[in-house]
J.: 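Can you read through this structure? Questions will come right after.
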There are 2 protein chains.
Amino acid sequence: MNTLAEENYLKALYHLTVQAPEGAYTNDIAAYLQTKASSVTDMLKKLSSKKLVHYKKYQGVILSKKGKQKALQVIRKHRLWEYFLVEKLNFRWDEVHEIAEQLEHIQSDELINRIDKLLGFPKYDPHGDPIPDADGYFEEIPFLTLFAIPIGETVTVCGVIDSSVSFLKLIENIGLTIGTLIKVEEIFEFDHSLKIAIPSKKTKVLVSQQISKNVLVKIKK
Amino acid sequence: MNTLAEENYLKALYHLTVQAPEGAYTNDIAAYLQTKASSVTDMLKKLSSKKLVHYKKYQGVILSKKGKQKALQVIRKHRLWEYFLVEKLNFRWDEVHEIAEQLEHIQSDELINRIDKLLGFPKYDPHGDPIPDADGYFEEIPFLTLFAIPIGETVTVCGVIDSSVSFLKLIENIGLTIGTLIKVEEIFEFDHSLKIAIPSKKTKVLVSQQISKNVLVKIKK
DNA sequence: AATAATATTTAGATAAGTCTAAAAAATAAT
DNA sequence: ATTATTTTTTAGACTTATCTAAATATTATT
Ligand SMILES: [Mn+2]
Ligand SMILES: [Mn+2]
Ligand SMILES: [Mn+2]
Ligand SMILES: [Mn+2]
């Protein structure tokens, strides 16, 4: 068993290193977890002694196989609870993160597996992030941001990169919720903002580069 | 907000004082929480400084109004989660306590109120204990143990006093689950064991005094 | 290559919660 | 009313997780 703090660090390390094989840096971890670098160093020593990370002084850190597996289990719990909160308790997608941040630490494999079953083994959480199965396995999503889509293409919104409350509220307000079919009608070279058509709503909307880079889509075929 | 340890102490104090207005004693609290008397003293000082208990050195302790209210909220969460686990996730009644012991500390009024609604505002948990509402109010159950029932009387099992796994398994095995209609057919004066008829199962069973004193019943009318 | 800037680690302190062992108070037994 | 026993509290130590401030290592700049 790991403590709540250990689990939060493992999860943070997973998110910080999943796209950066060279490892995570002390200051980045501190910024991500809103704590101090010295606290991070202490925890890295502890996780290292438990063989959950590979850590050498001043050299950055990566998760060990064991640490990655453990991180994925916490992430699995987080995302399943988020799905539960939206699907069974009618929370909005911008309300669930904080509560899931607590629920992800409940220690019971049986519990989370039964929640999984109750929900019908969902593959993606309310923000479009994949839910690992009991073995930590999940399908990699073909990583495409709305920013990278050319003019004329029709795509479906399938997730967000930024899951902050402020971004989710914005996205919801302009109608880019998950599952929405949209078409890129124009790309303005001045600031690379996009004119998007939303056929289901019969509306069009202008989205900034900052927005389009945080919306994940898959190509409609 | 209170810490997890504080919440567990408040809950323990509630259970230890609900039937004992003179207050709880340090050693009893320590035994109940499987900790040491010195740890209890430390926590009582802390709870006292937070105005959650009335505590004077060597004089025992009782919950303040504020402390009682807080304890009832934790108990509410505990019992609602137990009901959820049994009703929605098909856990057995002897499996839910440990998990609820963790879930009761999730901080979100909105969450527990929505769970309450999802479950249809249940009045009793899987062990027959009353579930306080959002204001801490609940109906006192007419407190009758099977031990006190005279020969010939027909009653319905409505709860247990001891909620330990070992007792619940025994009770389940002999068929005295909640809702079961039973009739006291004989009382043997030697050890005050009872011969109980269970019409729905067409069986009869002999229960010891230790058992009958831990089974709550209500008189059928 | 030496110096400046940045990043990371260490040293020492604090808070919560727990423990053991010793002291003090309350209660029971002579 | 002493003495003995039990209960409770205090003193001091330990663990986890955090912090500030100082020291050290790494990297960038002249
Ligand atoms: Mn968390
Ligand atoms: Mn999510
Ligand atoms: Mn608990
Ligand atoms: Mn219960």
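Below, read A as the first sequence line, B as the second, and so on, with proteins coming before strands; counting in each chain starts at 1. This is a predicted model, so every value here is computed, not measured.
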J.: So, is Asn27(B) near the phosphate of dT8(D), with a side-chain N or O under 4.0 Å from OP1 or OP2?
T.: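 Checking Asn27(B) against dT8(D): at least one side-chain N or O falls below 4.0 Å of OP1 or OP2.
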J.: Quick one: Met1(B) CE to dA16(C) C1', roughly how many Å, whole number?
T.: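 Whole-Å distance recorded here is 18 Å.
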J.: Write down the distance between CG (Leu44(B)) and C1' (dT18(C)), rounded to a whole number of angstrom.
T.: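 Taking atom C1' of dT18(C) as the reference, CG of Leu44(B) is at 14 Å.
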J.: Quick one: Glu22(B) CD to dA26(C) C1', roughly how many Å, whole number?
T.: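 My rounded result for the distance is 16 Å.
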J.: When the nearest nucleotide of DNA chain D is assigned to Leu4(A) and to Thr26(B) on a heavy-atom basis, which residue is associated with the more 5' position?
T.: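 So the residue in question is Thr26(B).
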J.: Separation of Glu6(B) atom CD from dT18(C) atom P, in whole Å?
T.: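 Glu6(B) atom CD is separated from dT18(C) atom P by 10 Å.
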J.: Under 4.0 Å, heavy atom to any atom of DNA chain D: which of residues 29-39 of chain B qualify?
T.: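 Listed by number, they are Ala37(B), Ser38(B).
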J.: Atom CG of Asp28(A) to atom P of dT9(C): distance rounded to whole Å?
T.: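 Value for this atom pair: 12 Å.
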J.: Does the side chain to side chain donor-acceptor pair (under 3.5 Å) test come out yes or no for Trp93(B) and Glu82(B), once each step is laid out?
T.: CA-CA 8 Å; Trp93(B) 70 340; Glu82(B) 283 189 342; over 6 Å; no
J.: Starting at atom CD of Gln59(B), determine the distance to atom C1' of dT8(D), rounded to an integer number of angstrom.
T.: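 Nearest whole value for this atom pair: 11 Å.
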J.: Please walk me through it: do His97(B) and His127(B) pass side chain to side chain donor-acceptor pair (under 3.5 Å)?
T.: CA-CA 10 Å; His97(B) 184 78; His127(B) 313 105; 5.9 Å; no
J.: Under 4.0 Å between a side-chain N/O of Lys45(A) and OP1 or OP2 of dT10(C), yes or no?
T.: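 For Lys45(A), the contact criterion (side-chain N or O under 4.0 Å from OP1 or OP2 of dT10(C)) is met.
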J.: Compare side-chain N and O positions of Tyr58(A) against OP1 and OP2 of dT10(C) and report whether any pair is under 4.0 Å apart.
T.: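 No.
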J.: Determine whether Thr177(B) and Val157(B) satisfy the following criterion, side chain to side chain contact (heavy atoms under 4.5 Å, CB included), listing intermediate values before the conclusion.
T.: CA-CA 7 Å; Thr177(B) 46; Val157(B) 177; over 6 Å; no
J.: To the nearest Å, how far apart are Asp42(A) CG and dT10(C) C1'?
T.: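 Those two atoms, CG and C1', are 9 Å apart.
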J.: Checking salt bridge (Lys or Arg N to Asp or Glu O under 4.0 Å) against Glu104(B), which of Arg79(B), Lys77(B), Lys11(B) comes through?
T.: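 For Glu104(B), the salt bridge (Lys or Arg N to Asp or Glu O under 4.0 Å) check succeeds only for Lys11(B).
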J.: When you look at Asp42(A) and Ser39(A), which way does the side chain to side chain contact (heavy atoms under 4.5 Å, CB included) test go after all the steps?
T.: CA-CA 5 Å; Asp42(A) 285 346; Ser39(A) 306; 5.6 Å; no
J.: A side-chain contact here means heavy atoms from C-beta on lying under 4.5 Å apart; do Asn8(B) and Glu101(B) qualify?
T.: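 Touching, per the 4.5 Å side-chain cut-off.
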J.: Kindly assign one of parallel, tilted or perpendicular to the pair His15(A) and Tyr32(A), based on the angle between their ring planes and the thresholds 30° and 60°.
T.: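 Taking Tyr32(A) first and then His15(A), their aromatic rings sit tilted (interplane angle of 30° to 60°).
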J.: Is Tyr25(A) close enough to dT27(D) that one of its side-chain N or O atoms is under 4.0 Å from OP1 or OP2 there?
T.: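 Indeed not, no polar side-chain atom of Tyr25(A) lies that close.
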J.: How many whole angstroms separate atom CE of Met43(A) from atom P of dC19(D)?
T.: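 In whole Å, dC19(D) P and Met43(A) CE are 11 Å from each other.
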J.: Within the pair Lys57(B) and dT7(D), is there a side-chain N or O less than 4.0 Å away from OP1 or OP2?
T.: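 No.
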J.: Within the 3.5 Å criterion, strictly below it, is a donor on Trp81(A) or Gln102(A) matched to an acceptor on the partner's side chain?
T.: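 Result is no, nothing qualifies.
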J.: So if I take residues 97-105 of chain A and measure heavy-atom distances to DNA chain D, which residues fall below 4.0 Å?
T.: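 Heavy-atom contacts with DNA chain D come from no residue of residues 97-105 of chain A; none.
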J.: Checking salt bridge (Lys or Arg N to Asp or Glu O under 4.0 Å) between Arg76(B) and each of Asp116(B), Asp135(B), Asp133(B), Asp125(B), which is the one that passes?
T.: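 That would be Asp116(B); it is the only one of Asp116(B), Asp135(B), Asp133(B), Asp125(B) passing the salt bridge (Lys or Arg N to Asp or Glu O under 4.0 Å) with Arg76(B).
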